[in-house]
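For ligands, and for the atoms within them, numbers begin at 1 and follow the listed sequence. For this chain, numbers begin at 1 and follow the sequence in order.
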Amino acid sequence: MAGIKEIISSCADRMDSFYLYDERRILERIQCLKNNFPQVDFLYSIKCNPNASILRSVFSQGLGADAASVGEVELACGSDRPAGNGESGEASGAGLPGNRIYFSAPGKSTKDIERVLGHCTLIADSIDEIRRIQDVCGRLGKSVCIGIRINPDFSFSGDRGAASKFGIDEEEAFAFLRNASCRNVKVTGIHVHLKSQELNAGVLAAYYDKVLCLAEKFASVCGEPDFVNMGSGMGIPGAASDSALDLLQLQKLSQSSLNRFRERHPGTKIIIETGRYVVGECGYYVTKVMDRKVSHEKTYLILKNTLNGFIRPSLARLVEKYSPELNPGGTEPLFTSVDAFRFLTLKEDAAAEKVTLVGNLCTAADIVAEDIVLPHFECGDVVIMTNAGSYAAVLSPMQFSSQERPGELFLSESGQIIGG
Ligand SMILES: *Cc1c(COP(=O)(O)O)cnc(C)c1O
């Protein structure tokens, strides 16, 4: 198969701005996860990129779905509405069976619960939600096993918990579980997710260990759980100074906790859900120089569809402008770091110049990079941005200014280009 730059170049002959997702990177990532963690069941977090070809690819590799909305449950089911007669575990259409889909999000309505019941494993985010699920089940004469999301008494890297809009505080959760009185709802699994984008294997392994201890505590109250979902955390390198998460190291550091838990609870699924680790680096955002101009000695390159097509760089510029610290917390997935992507070019040998990259929207906030050194670009030249596989197309306000939307192309393992 041709190299990725040749493929980008030929796609750019017919489109001025587009995403290109390289399936080979996705498959390589999934294989790496499976090889290092054969005892773990992986879920794909749909919210990071719900592109149909990506979903097909990821699910064909045996990953389940981490759905964050009714819409994502439907995408995972492979139809507009959850199909079938509401029997859990029933395969529907080309998608996943209900027992491979976990729906975890705050603020689910009674209507949401009614729509997905029997098509996925619900993970309740509050005690009130458990009661709502009980009400729906009582009314429909059904019984369900659910998970609960716990806000644990520990943090990702420390020993103390903190207030959170997510999940049920550990103490409250166990008080509820000890006195559980819902007739139609049985809590059989737990979910914890505290942080995304961790690159340090030691920190992640220590976190997994704490979640497994929490699962032991759950088991001592409720019996062997069906599943313990340890959430996400696996990061991808962005800045040139980042070193990639060492999966082999993570495997070595977490092996003993995983094996100990597995031996004690052979019937419990150990789950890790991940979005960006699987698809973040498979994606390229490709745009073109529409115009160039010099103003007060500053050279501007005006690109097609940046803030509205691939918002991440513009958000990074906003954070850079307004935040006193370059790593403010709680900004994922809108903002990862000031340089969580790199620029690639098809013109390696052109002389370098200092330029400011902006987009073609009528707002000054549409800025990609200021005063950076890149090869000399003329109108029509291609600019490529990396790490555009996750939280990229989905986050970008493509309706803004009624611009022509960027395309989304999927390069299959066999070299076929799908989509337009
Ligand atoms: C968004 C999200 C994920 C995926 O996070 P990544 O950093 O993309 O792996 C996993 N779990 C939960 C609960 C999430 O909200």
Side-chain angles (χ1 to χ4, degrees), residues 21 25-26 29-30 32-33 37 40-51 54-55 58 63-73 75-76 100-108 120-126 129 146-152 155-156 164-168 189-201 203-204 207-208 211 214 227-238 242 244-245 247 250 269-283 312 327 329-337 340-341 387-395:
Y21 306 125
R25 301 285 299 263
I26 300 175
R29 272 312 156 87
I30 293 176
C32 191
L33 289 172
F37 297 96
V40 169
D41 193 16
F42 286 96
L43 307 181
Y44 174 64
S45 300
I46 297 177
K47 79 171 188 286
C48 85
N49 192 334
N51 175 273
I54 286 189
L55 293 185
V58 166
L63 271 69
D66 160 30
S69 66
V70 172
E72 289 185 355
V73 172
L75 284 172
R100 300 291 298 134
I101 305 169
Y102 295 79
F103 177 16
S104 184
K108 300 183 203 74
C120 64
T121 298
L122 272 162
I123 300 190
D125 205 73
S126 69
E129 184 184 330
I146 63 164
I148 52 171
R149 179 158 174 182
I150 297 181
N151 176 33
S155 68
F156 204 79
S164 173
K165 76 169 206 183
F166 297 108
I168 308 167
I190 61 166
H191 178 208
V192 176
H193 169 74
L194 295 177
K195 184 177 180 278
S196 279
Q197 184 58 20
E198 179 59 57
L199 294 172
N200 184 316
V203 172
L204 259 178
Y207 162 75
Y208 292 161
V211 178
L214 184 66
F227 65 90
V228 46
N229 182 342
M230 305 197 292
S232 179
M234 292 177 178
I236 57 173
D242 285 345
L245 173 65
L247 221 54
L250 180 60
K269 268 191 206 168
I270 302 174
I271 296 172
I272 291 176
E273 50 192 13
T274 167
R276 75 187 64 201
Y277 190 81
V278 172
V279 301
E281 290 175 279
C282 88
R312 300 185 68 79
N327 267 318
T331 55
E332 284 283 356
L334 296 179
F335 170 75
T336 301
S337 67
F341 34 80
N387 280 357
S390 56
Y391 309 107
V394 271
L395 286 187

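Residue Arg149 has at least one heavy-atom neighbour below 4.0 Å for each of these atoms of ligand 1: 13 (C). Near Tyr391, meaning under 4.0 Å from one of its heavy atoms, ligand 1 places the atoms 1 (C), 4 (C), 5 (O), 6 (P), 8 (O). In the vicinity of Arg276, heavy-atom distances shorter than 4.0 Å reach the ligand 1 atoms 6 (P), 7 (O), 8 (O), 9 (O). Atoms of ligand 1 lying under 4.0 Å from any heavy atom of Ser196, numbered from 1 in the order shown and given with element: 5 (O), 6 (P), 7 (O). Annotation for ligand 1: atoms under 4.0 Å from non-hydrogen atoms of Asp66 are 3 (C), 10 (C), 11 (N), 12 (C). Remark: ligand 1 atoms within the under-4.0 Å shell around heavy atoms of Thr274 are 9 (O). Applying the 4.0 Å criterion to heavy atoms of His191 picks out, from ligand 1, the atoms 13 (C).
Cation-pi check for Lys195 over Tyr207 is not met; the charged atom does not lie both under 6.0 angstrom from the ring centroid and within 45 degrees of its normal.
No option in Phe227, Tyr44, Phe42 other than Phe227 meets the ring pair (Phe, Tyr, Trp, His ring centres under 6.0 Å) test with Tyr102. Remark: of the listed residues Ser196, Ser232, Ser45, Ser196 is the sole one forming a side chain to side chain contact (heavy atoms under 4.5 Å, CB included) with Arg276.
Atoms CG and CZ, from Leu63 and Arg100 in turn, are 7.5 Å apart once rounded to the nearest 0.5 Å. With values rounded to the nearest 0.5 angstrom, Leu43 atom CG is found 10.0 Å from Ile272 atom CD1.
Here the protein heavy atom with the shortest distance to atom 11 (N) of ligand 1 is Glu273 OE2, 2.7 Å. The closest protein non-hydrogen atom to atom 2 (C) of ligand 1 is Lys47 NZ, 2.4 Å. When hydrogens are left out, the protein atom nearest atom 6 (P) of ligand 1 is Ser232 OG, 3.3 Å; that is the closest non-hydrogen contact. Nearest protein neighbour of atom 4 (C) of ligand 1, counting heavy atoms only, is Ser45 OG, 3.2 Å.
Considering both main-chain and side-chain atoms, Tyr277 never comes within under 3.5 Å of ligand 1 through any nitrogen or oxygen pair. The distance criterion of under 3.5 Å between nitrogen or oxygen atoms is met by Gly275 with respect to ligand 1.
Under a 4.0 Å heavy-atom criterion, Glu332 is not in contact with ligand 1.
At a threshold of 4.5 Å between non-hydrogen side-chain atoms, the residues Pro106 and Glu129 do not count as touching.
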